[in-house]
Amino acid sequence: MKIAFIGLGNMGAPMALNLVKAGHEVSVYDLVDAAMRRLEEAGARAAASAQDATNGAEVVISMLPAGQHVRRLYMGQPDASGLFDALEGKPLIIDASTISPQDARTVGEAAAERGLSYLDAPVSGGVGGAQAGTLTFIVGGSQAGFEQARPVLEAMGKNIFHAGEVGAGQVAKICNNMLLGILMSGTAEALALGVKNGLDPAVLSEIMKQSSGGNWALNVYNPWPGVMEGSAASRDYQGGFLTDLMAKDLGLAWELALGCKATVPMGSQARNLFALHAAQGNGGLDFSSIQKLYRAGE
Ligand code: NAD
């Protein structure tokens, strides 16, 4: 298929690469030229603009940081029109970014007004999952759009879920990431307590993995440097899932809770921890660097 892929960051670049490897004809665009050049070397076409990338595309996929970027890309801003007004043909629109359900619905409605099918399809699985093509896609949108998207998503992911109408994918993703934020900060807290009491972090990790404290953050994303080969912690917290993005997702969970009068005390605590950690200059590090917050004063 002819696919336009917009946003080639930590996640978008490996996802687009898997589409190329699967034999799709992929045109890519990112504000960062170097990101496009790497994909060009792998066989994608580097486009001159987002609009250029979508020329002749049957599917448009975006993987951008936050809601404001997605709204701007598709709907434009006061001084510039968005992609929806520039598209030739009627490609399927798939936004894989994590944004608020309300933003997804707003963009979805703007798409529908132009006769376009829009899916919110946030992902889980991290950079490792994006590279391996084993992401989980959590899709919101029509059944027909979901069926049309499935073969494309299968080139990038292993588990493809249909959560409901537009916005439902984001609701599920936000619940998941609120839990992940809680689990990562809890894991970092437990490791720091054990180490302060003389335990080796690798030994403690192994014990907790085989005990009732085992969880995804501990088992596959250990936040203590040197415990797990290949983890973000073992490469100075470079790359991965940025603290800024986790703080954003926990903010989305908070907004979602406000809107329906839900109580999220653990999620609020996690949001404050990650926001504080970001404010201390760690926003560009992987979110497992929350471990540093618990090691202050060492
Ligand atoms: P990133 O910051 O690494 O990449 C975002 C990319 O978008 C950058 O390359 C940036 O230059 C580009 N960009 C921004 N505005 C643009 C525009 N108008 N046109 C073209 N390109 C533009 O972020 P990421 O880690 O790849 O995450 C992307 C999304 O996926 C976020 O919503 C994040 O919350 C979500 N997510 C990330 C992970 C992870 O582990 N990193 C996991 C699941 C979900």
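Whatever order the structure lists ligands and atoms in, that order sets their numbers, starting from 1. Side-chain atoms are counted along with the backbone in the values below, which use heavy atoms only and exclude waters and symmetry mates.
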Check whether more than 12 heavy atoms from other residues, nucleotides or ligands sit under 6.0 Å from atom CG of Asp236, and answer yes or no. no
Ligand 1 and Tyr29, any nitrogen or oxygen pair closer than 3.5 angstrom? no
Could you find the nearest protein heavy atom to atom 4 (O) of ligand 1 and give me its residue, atom name and distance? Gly9 CA, 3.2 Å
I'd like to know if Arg38 pairs up with Glu41 as an ion pair, taking the criterion as any Lys NZ or Arg NE/NH1/NH2 lying under 4.0 Å from an Asp or Glu carboxylate oxygen. no
Within the 3.5 Å criterion, strictly below it, is a donor on Thr243 or Asn282 matched to an acceptor on the partner's side chain? no
For Asn10, is at least one N or O under 3.5 Å away from an N or O on ligand 1? yes
Quick check on contacts: which atoms of ligand 1 are under 4.0 angstrom from a heavy atom of Thr98? 32 (O), 34 (O), 35 (C), 44 (C)
Side chain, backbone, both or neither: which applies to Leu31 and ligand 1 if a contact is any heavy-atom pair less than 4.0 Å apart? both
Before signing off on this row, confirm whether Lys248 and ligand 1 have an N or O atom pair separated by under 3.5 Å. yes
Under a 4.0 angstrom heavy-atom cut-off, which atoms of ligand 1 come close to Val32? 11 (O)
Taking atom CE of Met266 as the centre, report whether more than 12 heavy atoms of other residues, nucleotides or ligands fall under 6.0 Å from it. no
Taking ring-ring contact (aromatic ring centres under 6.0 Å, His included) as the definition, give me every residue that meets it alongside Phe161, ordered by chain and number, with sequence neighbours left out. none
Under 4.0 Å, counting heavy atoms only: does Lys173 come that close to any atom of ligand 1? yes
Are there more than 12 heavy atoms of other residues, nucleotides or ligands under 6.0 Å from atom NZ of Lys158? no
So, does Gly240 sit close enough to ligand 1 that a heavy atom of it is under 4.0 Å from the ligand? yes
Below 3.5 angstrom, do we get any N/O pair linking Val123 and ligand 1? no
Would you please say whether a donor-acceptor pair under 3.5 Å links the side chains of Asp95 and Tyr74? no
Polar proximity ligand 1 side, Asp30 side, N/O cut 3.5 Å exclusive: yes
Closest approach of any protein heavy atom to atom 27 (O) of ligand 1, naming residue and atom: Leu245 CD1, 3.7 Å
Quick one: do the His69 and Ser97 side chains pair a donor with an acceptor below 3.5 Å? no
In this structure, atom 22 (C) of ligand 1 is nearest to the protein heavy atom Leu64 CD2, 3.4 Å
Output yes when the distance from some N or O of ligand 1 to some N or O of Leu73 is under 3.5 Å, and no in every other case. no
Short N-O contact, Lys248 and Asp244, less than 4.0 angstrom: no
Geometric N/O contact Met11 with ligand 1, under 3.5 angstrom: yes
Is the contact between Leu8 and ligand 1 made by the side chain, the backbone, both, or neither, using heavy atoms and a 4.0 Å cut-off? backbone
Can you report which non-hydrogen protein atom sits closest to atom 30 (O) of ligand 1, along with the distance? Met63 CE, 3.1 Å
Which residue pairs satisfy the side-chain hydrogen bond (donor to acceptor under 3.5 Å, both in side chains) criterion with at least one member in residues 108-137, sequence neighbours excluded? Asp85-Arg114
